[in-house]
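Predicted model only: the values in this text are computed from it and were never measured.
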Amino acid sequence: MTLPGENLLGQIRGVYLSRATDGDILRRKVASGGAVTAMLLYALEKNLVDGVVAAKRTRGLAGEPVVARTREELLETAGNSWNIVPFEEMIKARIEEEGLKRVAVVCLPCQAQLFGQMREFPLLEADLSCRVRYVVSLFCRGIFVFGAFINHLQIRYGIRGEEITNVRLGEGHLIIQRGREELVIPLREVFPYLQTGCLICSDYTGVWSDVSAGSVEREPGWTLLITRNRRGEKLVRGAEREGYLELRDGFHVLEDVLRGAKNKLERARENMKRLL
């Protein structure tokens, strides 16, 4: 299938607006439609995987990767963002420690590349490739240098890290939630606090994943899912068939995603010029 901007968005099999059918998931603190949680709950309950490695917020913006083996453990990760701290080594350690044989990993585009390439080009001396059944990537504009970003929020806005209950990305802005209060910050203000590697990263959606997931502002309450291969398509369609997901066609919002991908690519190019 040939699509406009496909080289920026990677291989595309299907594009869906989706949301969970489970009321418990929808009532959780989720940024969109809870589709990632619902899809992975399907994988767990139908024995497609024996564990899901996902993020769990511990305090404020701080978090850690956890292994969810049950419905309740997975629901505890609902709505938590991976846009704060990178977890590559911790993810691999969790897979080893828990002895997972068939695992789904929820991660960022840079981590999706690690696990996707590990599957495609396994190294025998450190091979976890046969254990990674699904790679689900969240859309990402970059992750923050944690201490510097928190310090900025406290000095400029009087918000302490432990007070933050949620972080969401909008079109050109970051939404910081403290209880019922929301603070909208232009992305250009927080770019200086991104990890250095993020400044030269051009992957917005996670092109090495099986399924990419993110939100689009003009479709609030829905998660946009991009399936990239037969494995990802079967996961999404299976979750719909078994009643875990509600799906709508999502091709009409793909231009919104492409715009985000172009912006990230342009930022990477500009920063590479400065570095070189």
A.B. asks: Holding to side chain to side chain contact (heavy atoms under 4.5 Å, CB included), I want the full list of residues that pass it with L17, two or more places apart in sequence or in another chain.
C.D. replies: E219, W222, L224, R248, H252, V253

A.B. asks: Could you tell me the separation between the CG atom of D24 and the CG atom of L41, rounded to the nearest 0.5 Å?
C.D. replies: 10.0 Å

A.B. asks: Regarding R228 and T205, do their side chains bring together a donor and an acceptor under 3.5 Å, going by distance alone?
C.D. replies: yes

A.B. asks: Can you give me the closest heavy-atom contact between G206 and S137, atom names plus distance?
C.D. replies: CA-OG, 3.4 Å

A.B. asks: Mind checking the CG-CZ spacing from L247 to R19? Nearest 0.5 Å is all I need.
C.D. replies: 11.0 Å

A.B. asks: Going by side chain to side chain donor-acceptor pair (under 3.5 Å), name the residues that satisfy it together with R188, two or more places apart in sequence or in a different chain.
C.D. replies: none

A.B. asks: If you look at every heavy atom in L26 and A20, which pair is closest and at what distance?
C.D. replies: CD1-O, 3.4 Å

A.B. asks: Can you sort out the partners of R119 under side chain to side chain contact (heavy atoms under 4.5 Å, CB included), two or more places apart, ordered by chain and number?
C.D. replies: S129, V132, V135, D210, R231

A.B. asks: Is V105 reachable from V66 through a run of hydrophobic residues whose side-chain heavy atoms are each under 4.5 Å from the next?
C.D. replies: no

A.B. asks: Rounded to the nearest 0.5 Å, how far apart are CD of Q177 and CD1 of I159?
C.D. replies: 11.0 Å

A.B. asks: Tell me the closest heavy-atom pair linking G34 and T223, and the distance in Å.
C.D. replies: N-OG1, 3.6 Å

A.B. asks: For residues 232-241, dump all side-chain donor-acceptor pairs below 3.5 Å to protein atoms at least two apart in sequence or in another chain.
C.D. replies:
unit_1, atom_1, unit_2, atom_2, d
E233, OE1, Y16, OH, 3.3
E233, OE1, T227, OG1, 2.5
E233, OE2, Y16, OH, 2.4
R237, NE, Y16, OH, 3.4
R237, NH1, E240, OE1, 3.0

A.B. asks: Taking only residues two or more places apart in sequence, or in another chain, which ones meet R102 in a side chain to side chain donor-acceptor pair (under 3.5 Å)?
C.D. replies: N47

A.B. asks: Would you call D256-R218 a salt bridge at under 4.0 Å N-O?
C.D. replies: yes

A.B. asks: Can you tell me how far apart CG (L44) and CZ (R71) are? Round to the nearest 0.5 Å.
C.D. replies: 11.0 Å

A.B. asks: I'd like to check the side chain to side chain donor-acceptor pair (under 3.5 Å) partners of S18; sequence neighbours left out, ordered by chain and number.
C.D. replies: none

A.B. asks: My understanding is that only one of V36, V106, V136 makes a side chain to side chain contact (heavy atoms under 4.5 Å, CB included) with V52; could you say which?
C.D. replies: V106

A.B. asks: For the OH atom of Y204 and the CZ atom of F139, what is their distance to the nearest 0.5 Å?
C.D. replies: 6.0 Å

A.B. asks: Please enumerate all residues that pass side chain to side chain contact (heavy atoms under 4.5 Å, CB included) together with E181, with sequence neighbours excluded.
C.D. replies: R178

A.B. asks: Taking ring-ring contact (aromatic ring centres under 6.0 Å, His included) as the definition, give me every residue that meets it alongside Y244, ordered by chain and number, with sequence neighbours left out.
C.D. replies: Y42

A.B. asks: Looking only at heavy atoms, what is the nearest atom pair of T77 and L74, with distance?
C.D. replies: OG1-O, 2.7 Å

A.B. asks: Got a second to check how far S202's OG is from N263's CG, nearest 0.5 Å?
C.D. replies: 13.0 Å

A.B. asks: Can you list everything that forms a salt bridge (charged side-chain N to carboxylate O under 4.0 Å, His left out) with K101? Sequence neighbours excluded, please.
C.D. replies: none

A.B. asks: Only counting residues at least two apart or in another chain, list the ones meeting side chain to side chain donor-acceptor pair (under 3.5 Å) with E189.
C.D. replies: H152, Y157

A.B. asks: Can you run down the salt bridge (Lys or Arg N to Asp or Glu O under 4.0 Å) pairs that involve residues 198-207, sequence neighbours left out, and say none if there aren't any?
C.D. replies: none

A.B. asks: State, yes or no, whether a side-chain contact exists between V49 and L40 at a heavy-atom distance under 4.5 Å.
C.D. replies: no

A.B. asks: List in chain and number order the residues that pass salt bridge (charged side-chain N to carboxylate O under 4.0 Å, His left out) with E266, two or more places apart in sequence or in another chain; answer none if no residue qualifies.
C.D. replies: none

